[in-house]
Amino acid sequence: MLLREGEVRIPSGCAISAITDTSGERFSGTDIIESIALMHDRSNGLGGGFAAYGIYPEFKDLYAFHIFYDDNDARVKTEEFLFKHYDIEYFEQIPTRKTKSIEKAPLIWRYFGAVPNSKMKKNDYDDDEYTAKCVIRVNNEIKGAYIFSSGKNMGAFKAVGYPEDVGEYYMLDGYKAHTWTAHGRFPTNTPGWWGGAHPFTLLDWSIVHNGEISSYDANRRFVEQFGYRCNLQTDTEVITYLFDLLVRRQGLKLDMSASILAAPEWTVIDNMPQKEKELYTALRTVYSSCLINGPFSILVGSKHGLLALNDRLKLRSLITAKKGSKIYFASEESAIRIICPEPEEIKAVEGGVPVFIPFAEVKD
Amino acid sequence: MNYTVPEFEVERNINRCISCGACVRQCSYEVHYFDDDGKTVLADESKCVACHRCAAICPTRAIKIKKYDMAYKEHSNWTPVMQKEINLQAATGGVLLSGMSNNKPYPIYWDKILLNASQVTNPSIDPLREPMEIRTFLGRKPEKLEFNENGELKTKLPPQIQLETPIMFSAMSFGSISFNAQKSLAMAAKELGTLFNTGEGGLHPKLEEFKDYAVVQVASGRFGVHKGYLESGRFIEIKIGQGAKPGIGGHLPGEKVTVEVSNARMIPVGSDAISPAPHHDIYSIEDLRQLIWSLKEATQYKKPVAVKIAAVHNCSAIVSGVARAGADIIVMDGFRGGTGAAPTRIRDNVGIPIELALAAVDKRLRDESIRNTVSLVAAGSFRNSADIVKAIALGADAVYVASAPLIAMGCHMCQQCHSGKCNWGIATQRPDLVKRLNPEIMYKRVVNLIDAWNHEIKEMLGGMGLNSIDSLRGNRLMLRGIGLTEKELEILGISHAGE
Ligand code: SF4
Ligand code: SF4
């Protein structure tokens, strides 16, 4: 019997793509679908997904939970939990369109809610920590329920299938976001569980990733010391937790965290001016187990902005382009050119050098 | 009457022997001698320890050392060795002494663990073309770093030791080994960017120039310990126990306490240097805590303090306590670790393998969320670079080696270190023997060995798709067991090959 994601570690290759509008202007999902569709051959129909930022302006201060249910029983139990732990303002089944290649869909619902004041008084942690704990609890404890998106004013949409079909299925042409990321997956073996598709998310973090990291177990065993449980055993999951730990819980800057994950080589650090040398030596010494090794290219969305990062040796392709206020990223240049034929600038993201695009004030 | 037969037989090819007398002069055990004719060379093989010095020095390759071929009536319980040991004790009434390390055929888990390599889904990395980092830092780490508004580092890091290889030389005191042997290690450590360890013998004044490459040890005898000594090393190591002889102290026989040894140790010439079994000011973890902090205080918090313990049954709980008591580095020494002298029964029966101890301790510290704050150093027999790669993947930050560099300097594992007659000039203080070991030549051999291992480590890292040792540490997915039981796999925290 094939094991489900989380019961076994499944290596996979992938395609990724992203578009962000630095002016904060929101636009539909049509372009991102077209971009990821071009890289059809980099996926194998066993997983596709999107993350969109700025899609829920009417609920922008509420946590938006996107949930897969295997059956109604799981829904009843989860709703009991959610209504007890949140003031839910609105909930509905996520609208989908019948799409030929998307089969065996679970029940897919979304909920918008706030942390009740009464709850917070009892705890000494903040709303995000409270929500992270709730998400982990539902995913670990309620059989057949899986929260796959839990940020504010953002959402993930994913399924087993080719990414362009997934986009069609969720009708992403009807949503407007200022930032889109997309993922097409080529797992080497998978029983086709929807939760295993990417992006992986936690709170407003969403990560799409192409590559297979060889430092996985070193990274996993490090973050698990801080209370995380890498239940899915995927690279994206552990990378998300590393960012969450460093940025949200330990308060490091996002770019600093990126330089921990793809740290400068010692030969580079040794030649830095004294102060910088001390700083980078400290980062590499204290966070040595956060170094990500092996080929990867990742696009990290969060409330801070969009971050693109390649491994230190540049073992995976990642291209970026700019036109007007829009910035594009994709595994292949053609996936940018198809939606932006004449960019003002186009270049490869350098190995180990983070590219960070902070989000502008969002225009509704 | 002799109740025992010799262990070895010296076979001399008289067609080759030119009666040069080299073996006669070289053998400190006085195996070889001239017959009355002053020409024929004979051997008293009962004294032979198979150190191979004669065979190595003989210009005509006339000498072969063979196993003494004596048939015993078959008995798998009362083996010849058992009988021999009983006869020895019957004759002397003494505790059996041995040198070097546990020589019994216990499982060696390194040989039952296999490494991974990348294929297709992620590429292996070529160390000849890409940077391959093995630089290692030891010392206490804060849980997180903090910065001020300008992005400048606010957290002050506790002292860190930078090593250019994860391999250090473990404690061997001047006394148990010769000055020349220790100097060779000191010179090698300097060239390699790593550290040697003074053991509990103090730091010889002539090795002052290598103090930046020295670990200074504080053991239960407190030999040679003074403020200057503590301040001279890169870090201080409190020795609680040793893998070769957990639970007992050290014994340097008076014959080895020469003028120089007596100066370094600050004890009278010719007196036995006995380190008690426990530190008599440490009867509990609270006491250890006090010693750790007084050593830190004495060195103005500029030196990390390490605590070395022997790997014993409940080492996970002990190490957790030691970490909480303030140790910056914890050294665990497995039961295959070497020694200058140990009671044979203890050497061969006490303690546990470093593989299991390391795996258990690393897991325990992680379960308690404190693994990241301390450095773990594994010791107790690393025979090659693959053993080291496996240890780091199990969770070690660095390893200590001793037997391997001694072999590089000529040691042939004759296990007679306690006799003080080492023919290779290593475990001896006899000036005529010590001068056989030329530090200028031997340090280079040690450097070659570690250089070779560094290359091999990089090669294996690259094969696994890693280009930094940081990503190997604790990365147990890179390991698979072969022929191990469920329980062994569970303790090692690895899957079986094929899984
Ligand atoms: S060293 Fe060799 S050649 Fe010389 S006396 Fe001994 S056995 Fe004979
Ligand atoms: S150091 Fe010398 S005495 Fe000890 S085992 Fe090696 S060769 Fe024999």
Side-chain angles (χ1 to χ4, degrees), chain A residues 8-13 186-188 211-222 224-227 233 235 245-246 249-253 255-256 260 263 265-270 275-276 278-296 311-313 315-316, chain B residues 116 118 120-125 129-139 141-147 151-153 155-157 160 162 164 362-363 365-373 392-393 395 397 461 464-479 493-494 499:
Chain A
V8 63
R9 199 168 132 73
I10 303 170
S12 48
F186 200 133
T188 48
E212 186 193 336
I213 61 174
S214 28
S215 55
Y216 175 78
D217 218 29
N219 305 135
R220 175 186 70 84
R221 297 183 76 227
F222 173 79
E224 289 199 342
Q225 291 187 73
F226 296 87
Q233 301 185 39
D235 295 348
L245 171 70
L246 296 173
R249 286 176 53 187
Q250 298 206 341
L252 266 68
K253 290 250 171 57
D255 54 345
M256 192 91 85
I260 290 173
E265 282 149 19
W266 284 118
T267 45
V268 175
I269 295 177
D270 288 346
K275 257 221 149 111
E276 225 181 314
E278 266 167 34
L279 170 69
Y280 280 93
T281 304
L283 287 174
R284 284 206 65 175
T285 318
V286 174
Y287 296 110
S288 59
S289 299
C290 300
L291 181 72
I292 302 187
N293 226 300
F296 71 88
D311 64 84
R312 309 195 293 171
L313 300 181
L315 295 169
R316 275 290 186 276
Chain B
N116 196 24
S118 299
V120 185
T121 53
N122 63 357
S124 43
I125 302 169
R129 300 177 49 166
E130 305 289 355
M132 200 49 80
E133 302 178 324
I134 57 169
R135 184 181 287 180
T136 300
F137 283 84
L138 300 181
K141 314 283 188 295
E143 193 179 298
K144 64 173 176 185
L145 290 177
E146 288 181 305
F147 300 85
E152 285 162 0
L153 194 60
T155 313
K156 203 167 154 12
L157 235 57
Q160 303 291 320
Q162 180 178 325
E164 300 307 332
D362 176 73
K363 176 169 188 308
L365 295 182
R366 284 173 197 264
D367 287 349
E368 296 184 14
S369 301
I370 53 173
R371 170 63 187 88
N372 211 46
T373 58
I392 294 173
D397 285 281
L461 278 177
M464 289 185 266
L466 302 174
N467 66 358
S468 165
I469 199 132
D470 291 341
S471 301
L472 177 67
R473 198 173 310 117
N475 192 339
R476 296 193 189 172
L477 258 189
M478 291 299 169
L479 306 176
I494 61 175
E499 276 187 291

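The chains referred to below are lettered A, B, ... by the order of the sequence lines, with proteins before strands, and numbering in each begins at 1.
- A/R312 touches chain B through its side chain: at least one heavy atom from C-beta onward sits under 4.5 Å away, while N, CA, C and O do not.
- Residue B/I469 does not touch chain A at all, counting heavy-atom pairs closer than 4.5 Å.
- Looking at A/Y287, only its side chain comes within 4.5 Å of chain B, counting heavy atoms on both sides.
- For a residue to count as touching a neighbouring chain, one of its non-hydrogen atoms must lie under 4.5 Å from one of that chain's; by this rule A/L283 touches chain B with backbone and side chain alike.
- Residues satisfying the salt bridge (charged side-chain N to carboxylate O under 4.0 Å, His left out) criterion with A/D255, sequence neighbours excluded, are absent altogether.
- Taking OG of A/S288 as the start and CD1 of A/I260 as the end, the distance is 10.5 Å to the nearest 0.5 Å.
- Put simply, CD on A/Q225 and CD on B/E143 are 9.0 Å apart, with the number rounded to the nearest 0.5 Å.
- For the set B/E152, B/M478, B/R476, B/E499, the count of heavy-atom pairs under 4.5 angstrom toward chain A peaks at B/R476.
- The candidate from B/E368, B/E133, B/Q162 with the greatest count of non-hydrogen atom pairs under 4.5 Å with chain A is B/E133.
- Of the two parts of A/L252, only the side chain, counted from C-beta on, holds a non-hydrogen atom closer than 4.5 Å to a non-hydrogen atom of chain B.
- Here CG of B/D367 is found 10.0 Å from CD of A/E224. Values are rounded to the nearest 0.5 Å.
- Contact tally against chain B (heavy-atom pairs below 4.5 Å) for A/M256, A/E278, A/K253: the top residue is A/M256.
- Between atom CG of residue A/N219 and atom CG of residue B/L477 there is a gap of 10.5 Å, rounded to the nearest 0.5 Å.
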Practice problem: Check the pair A/S215 / A/N293 against side-chain hydrogen bond (donor to acceptor under 3.5 Å, both in side chains), numbers first and verdict last. | Solution: CA-CA 5 Å; A/S215 55; A/N293 226 300; 5.9 Å; no
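- Under the salt bridge (charged side-chain N to carboxylate O under 4.0 Å, His left out) criterion, B/R135 pairs with A/D270, B/E164, not counting sequence neighbours.
- Ranked by heavy-atom pairs under 4.5 Å with chain B, the list A/L279, A/T285, A/L291, A/L315 is led by A/T285.
- Proximity to chain A (any heavy atom under 4.5 Å) is shown, for B/L145, by both the backbone and the side chain.
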